[in-house]
Every structure is written in structure tokens, then in C-alpha cells.
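Reminder, nothing fancy here: chain letters follow the sequence lines and each chain counts from 1.
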Amino acid sequence: MAYTKEIDKKWQRIWQDSNAFRVRVKDLKRPKYYCLVMFPYPSSELHVGHGRNYIIGDAVARYKRMRGYYVLSPMGWDAFGLPAENQAIKNNIHPREWTLRNIKKITSQLKSWGMSYDWEREITTCFPEYYRWTQWLFLQLYKKGLAYRKEAPVNWCRSCQTVLANEQVVEGKCERCSTEVLLKNLKQWFFKITDYSQRLLDDLGKLKNWPERVRLMQENWIGRSIGVSIKFPVDGLSQEIDCFTTRPDTIFGATFLALNFQHPAVSRIIDDSLQKEAILDFIEEVKKEEPLLSYNADFEKKGIFTGKYAVNPMTGKKIPIWVANYILSGYGTGAIMCVPAHDSRDFDFAKKYGLDISPVIEDPNQEQGTFEQLSQAYQGQGKLINSDDFNGLDSEAAKEKISDFMETKGIGIRQINFRLRDWLVSRQRYWGAPIPIVYCPDCGEVALDEGDLPVLLPEADKFLPTGRSPLADNEDFIHINCPKCGKEAQRETDTMDTFVDSSWYYLRYISPANNQVAFDSQDVNRWLPVDQYIGGVEHAILHLLYSRFITKFLADQKIIDFDEPFERLFTQGMIVKDGAKMSKSKGNVVAPDYIIDKYGADTMRLYILFIGPPQKEAIWQDEALQGSRRFLQRSLRLIDMLKSLREQSLEDLSSSAEKQLLRKIHLTIHEVTKDLEGDFQFNTAISRIMELVNQTYKSVSVGISKNTFFQAVDTVFLLLSPFTPHVSEEANSLLGNKESIFDRSWPEAKPEFLKKEEVEIGVLVNGKIKEKMKISLNCPKEEVEKNALSLPKIEKIISENSPKKVIYVKGKIVNIVI
RNA sequence: GCGGAAGUGGUGGAAUGGCAGACACGCUAGGUUGAGGGCCUAGUGGUAGCAAUACCUUGGGGGUUCAAAUCCCCCCUUCCGCACCA
């Protein structure tokens with residue numbers, strides 16, 4: 001028999017008609033398993049690069065089903081967002097229409113790949129039935145003060161004409177369109193994710209089954225640093241400037257202060273300065289440059305002296321206060337104490353403007369007395385010098401001592417700072433969930449009642465980005481009576497970032513049709529956390545951080561009783577072709593539809609899983625597909641061969657080919673299971689099944705019983721079934737099995753077949769071992785001391801200990817592992 | 001600059017201390033075929049040799065070990081994340 005397209009269609013129909021993958025959340029007779037792939041943004045057809053994600057997910061879901069789990073594997077659409085709008089502008093089509101058209105296309109693609117989704121749970125974030133609850137989520141956050149509006153310098157994309165979250169700015173450029181991002185002072189909506197900084201960081205420790213890489217990326221993004229906030233009095237003014245530093249040990253070397261131009265103290269400090277005009281000019285100049293968020297390599301530090309001095313609280317010395325362009329406004333207090341001897345940035349600045357450089361940490365590599373000729377700052381640890389009572393201390397110890405001292409004297413206070421900023425969620429664009437807030441001339445900012453949801457996204461026909469939301473032009477939408485006082489009021493016209501939609505969707509799958517609540521808490525508590533989440537690493541700090549935050553928030557509200565959404569995370573690598581990520585613009589996309597048409601869905605599935613370790617990037621090679629096709633055909637041909645074999649009872653299986661094949665069957669089961677239970681090593685699992693097929697072929701020529709041969713063939717398709725469901729189902733029924741292959745349980749290796757054949761090994765030893773041998777590890781100690789083993793001794797050790805492993809190289813035993 | 005991952009045949013990759021190159025692609029030869037494709041058989045890291053075989057070989061250099069792709073030290077290269085975060 002051969003693999004044809006008809007096999008795909010036949011089994012897809014049977015699965016659909018029998019509702020094979022439907023899950024009833026209340027039914028928990030078997031242990032649950034929630035297998036989730038990151039839902040797609042329906043921007044165009046899927047290519048094989050996208051396919052890897054879903055194929056891995058489906059292999060996991062199908063494998064777990066066979067292991068006896070009740071597996072939930074849902075699919076939905078992250079359907080709001082900019083690309084839909086951009087297409088709308090370009091092709092004069094409504095974003096909804098464009099999105100739904102893509103959804104339809106992708107749905108049919110996924111079905112043709114044989115995915116085992118419960119399609120009754122499909123969710124679409126741009127439908128009011130869904131975004132109503134996104135708005136509900138916003139209101140919950142608002143009620144707790146975690147959704148708030150403030151004016152702040154925010155990231156602004158000129159081309160998309162909207163604000164962006166920090167996470168959406170990549171190397172100073174818009175993640176979407178690569179336009180350089182500007183800083184603009186705007187009043188915007190934020191979620192207070194920073195309230196959760198510490199917990200988001202701490203709980204990374206719980207995520208043992210997340211890739212190390214993702215945890216590190218989140219850790220860096222949250223960016224916790226411990227230090228001291230130090231008060232510097234301004235000479236001649238009743239004013240203090242707080243500076244955060246992680247190096248209190250270098251305080252004696254602080255020779256000047258530098259402020260960002262936005263620092264609140266600046267205007268007072270320069271008020272009576274003779275240089276006031278020049279300083280204001282400088283600030284104007286910096287302001288003009290500041291908007292560009294990215295600092296390129298040739299960014300030049302510059303600053304201007306304010307004319308005022310601060311007092312170093314430890315030395316009592318007066319140190320000049322500068323305004324400088326290299327001080328970040330958003331981090332710490334926007335003012336820093338500068339220690340040019342031990343900070344390369346301060347060093348550059350001090351050199352340029354001739355400011356004092358005063359070393360206070362001994363550089364072990366620097367000769368004494370050459371401070372004046374310093375060519376760079378020493379940023380390492382070391383012994384303190386020129387630091388009064390603290391001289392001689394090591395910097396780590398000094399940090400503690402100096403911090404203690406400052407706290408008792410009231411000079412400074414220990415502080416923890418995070419790099420993480422609040423999540424900017426408002427967008428000045430059309431295709432998103434409206435923010436459920438009203439502005440009343442009397443009551444101010446008023447939240448809508450939950451009962452008034454959803455705030456429907458009004459129809460529109462113009463989407464051109466103008467810098468303000470297109471909703472603002474819709475008179476019918478804007479006008480509303482204030483929910484509090486009934487007076488005429490106006491709606492908020494910004495929409496929400498699409499990452500809000502996707503920050504909670506995994507909860508909605510549990511009760512997708514519920515119109516009373518966002519999700520049923522009881523059911524959600526039973527089914528979550530997600531057992532296995534699968535997706536691309538590009539979401540390591542966007543979606544995955546936001547989802548963790550929202551989950552923690554909901555847990556705090558006692559709406560759910562778990563505080564991490566994803567138990568295990570798997571990040572698959574990209575598939576590249578011609579040295580680049582697949583993309584339409586590069587013209588290197590491989591269309592799966594064509595492959596399925598030519599070779600069948602299982603050939604594609606098998607090849608994508610076989611292409612390489614799934615967490616690593618893989619290179620697509622069209623020619624190599626042929627190998628997967630060949631293998632499937634070769635495997636199916638085994639079924640035809642069965643007929644020609646002789647019947648034989650199990651008792652007289654004596655041939656060594658027979659024994660070897662039995663051993664291979666069980667070894668393969670053992671190894672494939674290990675590969676799947678570990679880190680989804682599909683590539684090696686498949687190669688092992690290929691070995692089994694090869695050996696089964698070979699054993700025919702030697703002579704083999706029908707029973708054993710049948711076992712081998714049956715095992716091949718059973719082990720293959722998570723990868724090649726259609727072919728396996730077909731083979732299963734051809735082999736006369738009544739049950740569907742997915743109702744059969746995963747095979748178990750019988751240990752008696754796995755044992756290595758130990759008996760002959762002693763014979764292979766030709767009398768003596770290498771003269772100078774030291775036996776490592778597990779050999780009995782006294783034998784090691786004797787330094788050599790004779791044949792009888794080896795035989796004794798082997799017979800007494802039945803070793804796991806006897807290693808012999810070229811006829812000599814070199815180690816015995818017991 | 002900081003943090004991380006990786007470097008193995010013509011190619012994708014196996015092997016996490018035990019005979020490197022499993023499995024697959026490609027290639028070569030032979031068979032089958034009207035031809036092409038498909039399929040079957042054999043071969044396929046390098047050098048020398050008719051051959052058995054010998055020597056060399058996991059980015060480079062050193063070390064530990066009876067034994068290193070694997071562990072340790074130094075260096076080189078590539079990719080990824082963060083980046084004037086004080």
C-alpha cells in the first residue's frame with residue numbers, strides 16, 4: 001500500500017465526524033493536560049516556519065493523549081492589531097474583513113495538517129464576545145489602581161502614529177516598522193506592572209521547566225539593582241538632591257553631580273545663575289537631540305555647569321552640579337553622583353571638562369602614584385583608599401559599612417531599583433479594544449460599569465494614522481452620558497495594546513462561550529496552569545511577562561488560585577531558508593499547501609520534526625523532504641511484506657535475528673519514550689524509528705516469524721503516530737487493530753529485552769588488561785590499587801556484580817561500571 | 001561593554017567521559033525501466049595502499065584521564081538578548 005492524499009482526507013473526516021478531540025472541562029476522569037501553542041496573529045497564510053510551532057504542539061498533544069491524559073489543545077486568533085489596519089489602508093478593505101478572511105484561510109490550512117484541536121473552543125480577540133472581557137480586565141485593574149493615566153515621556157512612532165510600550169521598542173526603533181522612536185510627553189494609560197517587579201523576578205525561580213535563556217532575558221529586563229539613595233545638600237539653597245548609586249563604596253570619589261535636564265531641581269538651581277541663558281540654550285539643544293531613544297556609538301557626552309555646588313556628605317567637600325545629556329530621566333532619580341575614577345562614563349565626561357578625578361579604590365593592576373595619567377576608569381572591586389575611616393576595606397565590605405553609616409547618620413537610605421517600567425497600554429489606532437473610560441466635565445475620569453460592557457468598536461472607514469485615534473472622529477461614539485452624574489460626557493477614544501488581549505486568552509479557552517463571566521474560576525483552577533506552552537522565543541519578554549503579571553494580579557484578587565500561568569515552556573527555533581528568516585518580502589517562504597498537495601501532510605509533519613533539534617534554528621532544504629516521504633512509503637510497504645511470512649509459534653523463536661529484532665523493538669520504545677519525555681527530541685526519536693524500520697527489513701532476508709515481524713511493524717506505527725497521525729491510523733487499521741490508534745496506549749518497553757548480553761564479554765578479554773591501568777569510578781577499591789586485572793578476576797567481578805556496562809576497546813577491558 | 005548559546009563530513013545533524021560521524025539529504029557504481037522518475041543493492045570524513053591495514057580527524061593552543069567532541073585553562077569565530085540603568 002502507498003501513502004496518498006486520500007488517506008489524509010479520510011482520517012481528517014473521521015476525526016471531525018467523531019469529534020475526536022473535543023474536551024469537556026467538567027469531565028476529569030483522567031488526569032488533565034493543557035497543551036497550548038501561542039495563538040497566531042492572522043496576518044496572512046501560514047508558511048512552514050509557522051508550521052513548526054503547531055506541529056510540535058500537536059505531536060505533544062497526541063503523545064500525551066496516548067499516555068492516558070485528557071488533553072486540551074485549543075486554537076484561537078490574536079486578531080486585533082496594526083497589520084490589519086495597514087492592510088485596510090493599503091487595499092481599501094475593512095480590517096475586520098481582512099482579518100476574518102485570513103482566519104478562514106489559516107483554519108483550513110491547520111485542518112489540512114491534521115491538527116487535533118478542539119475547534120469548539122476557538123476564540124477571536126476582535127469579537128465583542130471576547131474583547132468585552134478584555135475591557136472587564138481593564139476595569140479590574142482600574143479598580144485596584146493598577147490602570148492609571150499620567151503624562152510622561154513615552155515612545156512615539158512617527159510612522160505608526162501611535163505610542164509604544166518599552167517592550168515594543170527594539171534598539172531604539174519601532175518593532176513593527178523599524179522607524180526611529182521619539183520620546184514625547186503625552187498623557188497615556190499605563191498598567192502598573194512595576195508593583196509586581198519583585199514577584200515577577202522571584203517567581204522566575206519557580207519556573208524550573210522554562211528555558212534558562214528566557215528566564216535570564218526576563219531577569220535582565222526587570223533589572224533589579226541594590227544600592228543606596230544618597231542625599232546631597234545644595235550649597236546655599238534649602239534643597240537636597242537624591243542620587244541612587246549601586247557603588248556607595250566609591251562615595252569618597254564623587255567629585256561632581258550630574259542631572260538630567262528634566263530633573264525638578266534644575267530650574268531652582270539655575271534661577272540666579274549668571275549663566276542662566278547659556279544653560280537654557282544648552283537644555284534646548286539637548287531637548288532637540290533627546291527624542292531619539294537610541295544612542296549610537298558616536299553619541300557625545302556633553303554638559304554645562306550650573307554654577308551651583310552640592311556637598312559630598314561624606315567628605316564635606318563642595319562639588320559642582322552639572323546638567324548632562326547622558327543622564328537618563330526615567331531611571332533612579334534622574335540625578336547621579338559621579339565618580340570619574342571608577343565609572344567609565346563619568347570618566348569620559350570629567351576628562352572632557354577637566355573635572356577632578358579622585359581614585360578611592362585600589363586598582364591591583366595599576367602602579368601607585370600614577371593617578372593623574374589614568375587612561376581609563378577602574379570599575380572593578382578592590383581595597384578602599386582615600387576614604388577616611390573606611391580605608392583598607394574591601395569594596396564589598398565597604399558597601400555594607402558605608403550604607404550602615406549613611407543610614408544611621410540620615411545621609412542615605414538603602415534602596416532597590418528596577419529597570420522595568422510600567423506597561424503603556426493605550427494606542428491611538430482603530431483596530432483594538434476600546435478603553436472603557438468616560439471623561440465627565442464634573443466627575444472627571446469615570447470607569448464604566450461592568451454591565452455596560454462591551455464598549456463596541458464603532459464602524460469606521462478611515463484608518464489613516466493621524467496621531468489620534470480614529471474613534472475620536474466618530475461623533476456617535478464619543479458622546480455618552482456620565483455614568484455617575486448623567487451629564488454629557490466623552491468617551492476615551494484610544495484603544496488597547498493587543499498585548500492586553502493576549503495576556504489572558506489562555507483562561508478564556510476554558511469557557512469560551514460563557515457570557516456571564518470572563519472565565520469560570522472553578523474550571524480554570526482545575527485546568528491551569530497550562531502544562532505545556534509552546535511558542536517562539538520572540539515573546540520572551542513581551543507576551544510572557546505580561547501574562548505572568550496578569551495572572552499574578554488575578555491571583556491577588558482571588559479570582560484564580562495559581563499565580564504562574566505556564567508550568568512548562570518550550571521555545572522552538574526558527575526555520576530559515578537561503579540564510580534568512582522566511583518572509584514574503586524576501587521571497588523565501590515555503591508554502592505548506594504545496595507540500596501537502598504533493599507529498600501529503602504527514603511527510604511535511606515528519607520532515608519538520610526531523611529537520612533538527614526543535615529548540616534550535618533549522619535550515620530548510622526542499623530536497624530533504626524526499627527522505628521523509630521515502631521513509632513513510634518504505635514503512636507502509638512492510639505491511640505488504642507481512643503476508644509473505646511464515647506463521648510460527650512464539651516458543652521456537654531461536655534465531656538470533658529474531659532475538660535481535662525483539663531487542664530492537666523494545667530498545668526503540670525505550671529510547672523514543674525517553675526522547676519525548678525529555679526535551680522533545682523529535683529528531684532523534686524519529687531517527688530511532690527509522691533504525692527499527694531498517695532492521696525489520698534486514699531481518700526478512702535472514703528469516704523471521706510473522707509474529708515478531710508484526711510486532712515490529714505495529715510498534716513502528718504506534719511510535720510514529722504523534723508525528724504522522726494519518727499514516728499511522730491507516731496502518732493501524734490495515735494491521736487489523738479495531739481501536740483507533742489514539743485510543744491505544746503508548747507501548748512500554750519490557751526490561752527483559754533491554755538487557756545487554758553480558759555473557760560473552762569475558763571471552764573477548766585476551767588475558768590481561770593494559771599494564772598501567774587505573775580503573776575509574778565504580779570498580780571495587782582494592783582492584784584499583786592492584787592496578788591490573790587478570791581474566792579470572794574480571795570474570796569474578798562480572799559474575800558477582802552483574803555490571804551495567806563493561807567497556808572494552810580493541811579486545812581489552814578498560815572499565816567495568818557496576 | 002554585560003549576559004547567554006553555539007562551532008563535528010559536501011549538507012541537516014548523532015554521540016555529554018568509553019571504538020566520532022547514528023539517522024537522513026546529496027553523491028558514486030550496479031540492478032530494474034522504452035525513457036524519466038521511482039524503487040532495490042553496495043559504497044561514501046581525509047591521506048597512503050590492489051588489499052588487509054596504518055596514520056590523521058570534532059574552530060585553534062595547552063591540560064586532566066587508561067580513555068576527551070564531551071571535563072578544566074587560554075585564544076579565535078558566529079549567532080542571540082540587553083545596553084550611557086549609575
Side-chain angles (χ1 to χ4, degrees), chain A residues 2 170-172 211-221 223-225 227-228 230 243-248 250 254 258 294-297 299-301 324-339 342-346 348-349 379 417-421 537-538 540-541 573-574 576 606-607 610-613 615-631 633-634 637 671 681 683-694 697 701 769-777 784 787-788 805-817:
Chain A
V170 179
E171 289 177 354
E212 178 76 20
R213 182 155 78 114
V214 174
R215 292 202 310 244
L216 278 167
M217 279 164 75
Q218 292 211 357
E219 201 179 309
N220 289 336
W221 189 261
R224 181 181 193 263
S225 49
V228 185
I230 304 172
C243 297
F244 175 76
T245 181
T246 54
R247 294 293 302 270
T250 63
S294 61
Y295 295 98
N296 29 25
F299 174 83
E300 207 200 335
K301 291 183 181 61
N325 67 343
Y326 73 100
I327 310 303
L328 299 173
S329 64
Y331 185 80
T333 59
I336 60 162
M337 68 172 214
C338 299
V339 185
H342 304 294
D343 182 287
S344 63
R345 298 156 297 182
D346 300 343
D348 294 345
F349 193 79
Q379 307 195 89
N417 248 325
F418 293 94
R419 206 182 75 93
L420 185 67
R421 294 283 96 89
V537 75
E538 66 273 17
I541 43 183
M574 269 188 329
V576 301
L606 193 71
Y607 174 60
F610 183 62
I611 193 167
Q615 58 278 85
K616 274 180 64 184
E617 186 177 283
I619 297 166
W620 182 269
Q621 290 170 308
D622 281 318
E623 322 81 71
L625 257 176
Q626 198 60 247
S628 297
R629 163 81 172 180
R630 198 175 292 158
F631 167 69
Q633 299 291 18
R634 229 165 100 79
R637 222 173 300 127
E671 297 290 335
Q681 296 310 304
N683 55 329
T684 48
I686 291 167
S687 75
R688 289 185 162 116
I689 303 171
M690 288 172 168
E691 284 182 55
L692 177 57
V693 168
N694 291 345
Y697 262 100
S701 56
I769 313 277
K770 262 186 172 176
E771 277 295 298
K772 250 179 52 196
M773 195 176 135
K774 279 187 235 155
I775 289 174
S776 66
L777 293 173
V784 178
N787 253 355
K805 195 152 75 167
V806 177
I807 296 150
Y808 55 97
V809 176
K810 290 172 186 168
K812 289 177 183 173
I813 293 191
V814 293
N815 193 14
I816 300 173
V817 181

Nearest nucleotide by nearest heavy atom, which residue falls closer to the 5' end of RNA chain B, Y697(A) or N694(A)?
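Nearest-nucleotide comparison on RNA chain B picks N694(A).
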
First encountered from the 5' end of RNA chain B, between L216(A) and M690(A)
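Of the two residues, L216(A) wins.
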
Could you state the atom-to-atom distance from [atom1] of [X] to [atom2] of [N] in whole Å?
X       : N      : atom1 : atom2 : value
W620(A) : U11(B) : CH2   : P     : 20 Å
I541(A) : G3(B)  : CD1   : P     : 18 Å
I619(A) : A24(B) : CD1   : C1'   : 15 Å
Y326(A) : G1(B)  : OH    : C1'   : 16 Å
Q621(A) : G10(B) : CD    : P     : 15 Å
R629(A) : C25(B) : CZ    : P     : 14 Å
K616(A) : U78(B) : NZ    : C1'   : 12 Å
R213(A) : C82(B) : CZ    : C1'   : 13 Å

Looking at every strand, decide which applies to [X] at a 4.0 Å heavy-atom threshold: base, sugar-phosphate, or nothing.
X       : value
I611(A) : sugar-phosphate
S225(A) : sugar-phosphate
G612(A) : nothing
E617(A) : sugar-phosphate
F631(A) : nothing
D346(A) : nothing

Under a 3.5 Å limit for both distances, which nucleotide forms a Watson-Crick or G-U wobble pair with [N], could you say?
N      : answer
G34(B) : none
U77(B) : A6(B)
U65(B) : none
G49(B) : none
A29(B) : U41(B)
G21(B) : none
A14(B) : none
U58(B) : none

Are any side-chain N or O atoms of [X] and backbone N or O atoms of [Y], one a donor and one an acceptor, separated by less than 3.5 Å?
X       : Y       : result
Q633(A) : A2(A)   : no
E671(A) : R688(A) : no
R213(A) : V537(A) : no

Does [N] have OP1 or OP2 sitting under 4.0 Å from an N or O in the side chain of [X]?
X       : N      : result
R419(A) : A83(B) : yes
R630(A) : C39(B) : yes
R637(A) : C40(B) : yes
N683(A) : A22(B) : no

Can you tell which of [options] lies closest to the side chain of [X]?
X       : options                : value
A624(A) : A86(B), C25(B), G3(B)  : C25(B)
E623(A) : A14(B), A86(B), C25(B) : C25(B)
F610(A) : G26(B), G12(B), A22(B) : G12(B)
Y331(A) : G3(B), C80(B), A86(B)  : A86(B)
M217(A) : G81(B), A14(B), C23(B) : G81(B)
R634(A) : A14(B), G3(B), C40(B)  : C40(B)

Can you tell me how far [atom1] in [N] sits from the matching atom in [M], rounded to whole Å?
N      : M      : atom1 : answer
G26(B) : A15(B) : C1'   : 22 Å
G3(B)  : G12(B) : P     : 30 Å
G46(B) : G10(B) : P     : 8 Å
C27(B) : C79(B) : P     : 30 Å
U16(B) : A6(B)  : C1'   : 15 Å
G21(B) : G30(B) : C1'   : 26 Å
U77(B) : G45(B) : C1'   : 23 Å
A68(B) : U64(B) : P     : 12 Å

How far does CD1 of I336(A) sit from CG of D343(A), to the nearest 0.5 angstrom?
6.5 Å

How long is the span from the CD1 atom in I689(A) to the CG atom in L606(A), to the nearest 0.5 Å?
8.0 Å

Please work out whether G9(B) sits syn or anti, treating a glycosidic angle within 90° of 0 as syn.
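Because its glycosidic torsion lies within 90° of 0, G9(B) adopts the syn conformation.
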
Is the cationic atom of K301(A) (NZ for Lys, CZ for Arg) positioned less than 6.0 Å from the six-membered ring centroid of Y326(A) and within 45 degrees of its normal?
yes

Determine whether more than 12 heavy atoms belonging to other residues, nucleotides or ligands lie under 6.0 Å from atom CZ of R634(A).
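Enclosed.
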
What about the rings of W221(A) and F418(A), do their centers lie closer together than 6.0 Å?
no

Lys/Arg-Asp/Glu bridge criterion (N-O < 4.0 Å) met for E212(A), R215(A):
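The answer is yes: the pair qualifies as a salt bridge.
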
